[in-house]
Participant: 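This structure is in structure tokens; I'll ask about it shortly.
These numbers come from a predicted model, not from an experiment.
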Amino acid sequence: MDAFHAKLVAAATGSMATSLSMTPFDVVKTRLQTQPKEPLFPRPPLNKCCQPSHIQCVRNISSLARPLEEVVCVYDHGILRRERVNGFLDAVRQILRHEGIRGLWKGAGTSLLIGVPSSTVYMLTYDHLLRNVFPHFISSPTFVPLVAGITARTAITTALSPLELIRTNLQSTPKSPDQPHTLPSVLRSIGMIVRRQGVVFLWRGLGPTLWRDVPFSGIYWAGYEGWKRYFESRGQGGAYVAFACGAISGTTASLLTSPFDVLKTRRQALLMAGTIPSQARGTISLCLRIIRTEGMAALFAGVWPRTAKIAPACGIMIACFEGIGKLLVKN
């Protein structure tokens, strides 16, 4: 098989494996970032409920969640059931409890629809820019992958922003148990908003997405190529080295760009809900509003499930691209 088709198959295989295996982390991360603020009465009197007794007490992490006005804070058999989830494992437990195992793969089909073509085209674009374009203009081995990653990610993110909007809202915490997020319901909502505001709405939230993805790609690829050169200088190579380099670089980039991921998720969820405040329409103003009302820690909501997803995802993707690509070319 020629080199181009081998890379095409390798990138598609890696992106499919990554999308299917990492979707649960993405669901939990999105739920943590979009859950409402603390309820008004977080600690009711013993054995008292903050909502009418005839309403079943469920938590807002679930797609069966009640609106914020009907907050969940009740002593159930002596245990206080809070409305907000308290971290990654708590979120997983509540999703499994109220939605079953399928809840962790919410939006998996959309993730495949977005992930496979976008990751495949992205990897091929980056590889072409890295090997054939930027080396003619940039001499630094550090800056070539950085600029190639930034350029490829900017182009792909801009083109696929509407699909990212759909995926984020499909996985976000719904407002009402009577209106759970499904692909048809999200598409209907987007269709109504597009009719009112025009097709440009599909690219609302692109700014925060670029703030997240562009620095991430630059940091990731500069780090990956640097670690790869380090291992190769010591005579080590292969798919397992590619996995390690990808995971290390992905972890670093994830931690540094986590606030931008929160801003992207919040903005797209608010746009769909139609509740974005006038003083938080820009990326910087939204960031300042979150810090003022929720504290600096809110900008790192979901950082651990995001990093737990990104580290192996980057490793799997690049290991498949390097390993399968070389194997197919050799055969």
Participant: Report the distance from atom SG of Cys320 to atom CG of Leu327, rounding to the nearest 0.5 Å.
Facilitator: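 Here the interatomic distance stands at 11.5 Å.
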Participant: Name the one of Gln236, Arg234, Glu232 that satisfies side-chain contact (heavy atoms from CB on, under 4.5 Å) with Val241?
Facilitator: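 It is Gln236; the other options fail the test.
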Participant: Tyr122 and Val214: same hydrophobic cluster, using ILVMFWY side-chain contacts below 4.5 Å?
Facilitator: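 Result: yes, single cluster for both.
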Participant: For a quick test of reading the model, state the closest non-hydrogen atom pair linking Ile310 to Gly250 and the distance between them.
Facilitator: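 Between these two residues, the closest heavy atoms are CG2-O, 3.5 Å.
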Participant: Please tell me if the side chains of Phe4 and Val329 come closer than 4.5 Å, counting only heavy atoms from C-beta onward.
Facilitator: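 A side-chain contact under 4.5 Å is absent here.
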Participant: Should Leu112 and Ile101 be regarded as members of a common hydrophobic cluster, given that ILVMFWY residues are connected when their side-chain heavy atoms come within less than 4.5 Å of each other, either directly or indirectly?
Facilitator: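 Leu112 does not cluster with Ile101.
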Participant: Which residues pass the side-chain hydrogen bond (donor to acceptor under 3.5 Å, both in side chains) test with Tyr224, not counting sequence neighbours?
Facilitator: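 Only Glu322 meet the side-chain hydrogen bond (donor to acceptor under 3.5 Å, both in side chains) criterion with Tyr224.
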Participant: So, taking the atom named OG1 in Thr157 and the one named CG in Leu210, what distance separates them when rounded to the nearest 0.5 Å?
Facilitator: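 It is 6.0 Å, given to the nearest 0.5 Å.
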Participant: With clusters built from Ile, Leu, Val, Met, Phe, Trp and Tyr whose side-chain heavy atoms come within less than 4.5 Å, directly or transitively, what are the remaining members of the cluster of Ile219, listed by chain and number?
Facilitator: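 Leu256, which link up through side-chain heavy atoms under 4.5 Å apart, make up the rest of the cluster.
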Participant: When you look at Met16 and Thr120, which way does the side-chain contact (heavy atoms from CB on, under 4.5 Å) test go after all the steps?
Facilitator: CA-CA 9 Å; Met16 184 176 297; Thr120 302; over 6 Å; no
Participant: Report yes if some heavy atom in the side chain of Leu263 is under 4.5 Å from a heavy atom in the side chain of Ile290; otherwise report no.
Facilitator: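 SC-SC contact between Leu263 and Ile290 confirmed.
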Participant: Quick check for you: to the nearest 0.5 Å, what is the distance between Ile156 atom CD1 and Ser118 atom OG?
Facilitator: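 Those atoms lie 7.5 Å apart.
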Participant: How far apart are the closest heavy atoms of Ile150 and Ser217, and which atoms are they?
Facilitator: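 Scanning both residues completely, I find the closest heavy atoms to be N-CB, 4.4 Å.
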Participant: To the nearest 0.5 angstrom, please state how far the NZ atom of Lys228 sits from the OG atom of Ser233.
Facilitator: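 Reported value, rounded in 0.5 Å steps: 13.0 Å.
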Participant: Please name the pair of heavy atoms, one in Gly323 and one in Ala239, separated by the smallest distance, quoted to 0.1 Å.
Facilitator: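 Minimum heavy-atom separation between Gly323 and Ala239: CA-CB, 4.3 Å.
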Participant: Is there a path of hydrophobic side-chain contacts, each under 4.5 Å between heavy atoms, that joins Leu255 and Leu299?
Facilitator: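 Same hydrophobic cluster.
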Participant: Do Thr252 side-chain atoms and Ile248 backbone N/O form a donor-acceptor pair below 3.5 Å?
Facilitator: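 It does hold such a pair.
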Participant: Looking at every non-hydrogen atom in both residues, tell me the closest pair between Glu225 and Pro145 and how far apart they are.
Facilitator: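 Here Glu225 and Pro145 meet closest at CG-CB, 3.5 Å.
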Participant: Do any N or O atoms from the side chain of Ser249 and from the backbone of Gly246 form a donor-acceptor pair under 3.5 angstrom?
Facilitator: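 Pair absent, no side-chain N/O of Ser249 close to backbone of Gly246.
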Participant: Show the nearest heavy-atom pair for residues Ser15 and Met317, with the distance to one decimal.
Facilitator: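 Minimum heavy-atom separation between Ser15 and Met317: N-SD, 3.3 Å.
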Participant: Is NZ or CZ of Arg153 both nearer than 6.0 Å to the six-membered ring centre of Phe216 and within 45° of the ring axis?
Facilitator: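 That pair does not qualify as a cation-pi contact.
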Participant: For Thr307, give me all partners under side-chain hydrogen bond (donor to acceptor under 3.5 Å, both in side chains), at least two apart in sequence or on another chain.
Facilitator: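 Partners of Thr307 by the side-chain hydrogen bond (donor to acceptor under 3.5 Å, both in side chains) criterion, ordered by chain and then number, come out as Ser254.
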Participant: Is there a path of hydrophobic side-chain contacts, each under 4.5 Å between heavy atoms, that joins Phe134 and Trp221?
Facilitator: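 Yes, Phe134 and Trp221 fall within the same hydrophobic cluster.
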Participant: Hey, any chance Met123 and Leu146 share a hydrophobic cluster, counting ILVMFWY side chains that come within less than 4.5 Å of each other, even indirectly?
Facilitator: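 Yes; Leu146 is reachable from Met123 via cluster members.
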Participant: If you compare all heavy atoms of Ala313 against all heavy atoms of Met22, which two are closest, and at what distance to 0.1 Å?
Facilitator: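 That would be CB-CG, 3.7 Å.
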Participant: Are Leu104 and Thr23 side-chain neighbours, meaning at least one heavy-atom pair lies under 4.5 Å?
Facilitator: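 Not in contact.
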Participant: Roughly how far, to the nearest 0.5 Å, is SG of Cys314 from OH of Tyr220?
Facilitator: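 Reported to 0.5 Å precision, the distance equals 4.5 Å.
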Participant: Apply side-chain contact (heavy atoms from CB on, under 4.5 Å) to Ile316 and Phe243, showing your working.
Facilitator: CA-CA 6 Å; Ile316 292 169; Phe243 180 92; 4.0 Å; yes
Participant: Are the side chain of Trp203 and the backbone N or O of Ala159 linked by a donor-acceptor pair below 3.5 Å?
Facilitator: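 No, Trp203 side chain to Ala159 backbone: no donor-acceptor pair under 3.5 Å.
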Participant: Side-chain contact test, heavy atoms from C-beta onward, threshold under 4.5 Å: evaluate it for Lys7 versus Asp2 and give yes or no.
Facilitator: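 The answer is no, as the side chains (C-beta and beyond) never meet within the 4.5 Å cut-off.
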Participant: Nearest 0.5 Å please: distance from the CG atom of Leu130 over to the CD1 atom of Ile138.
Facilitator: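 If we round to the nearest 0.5 Å, Leu130:CG and Ile138:CD1 are 10.5 Å apart.
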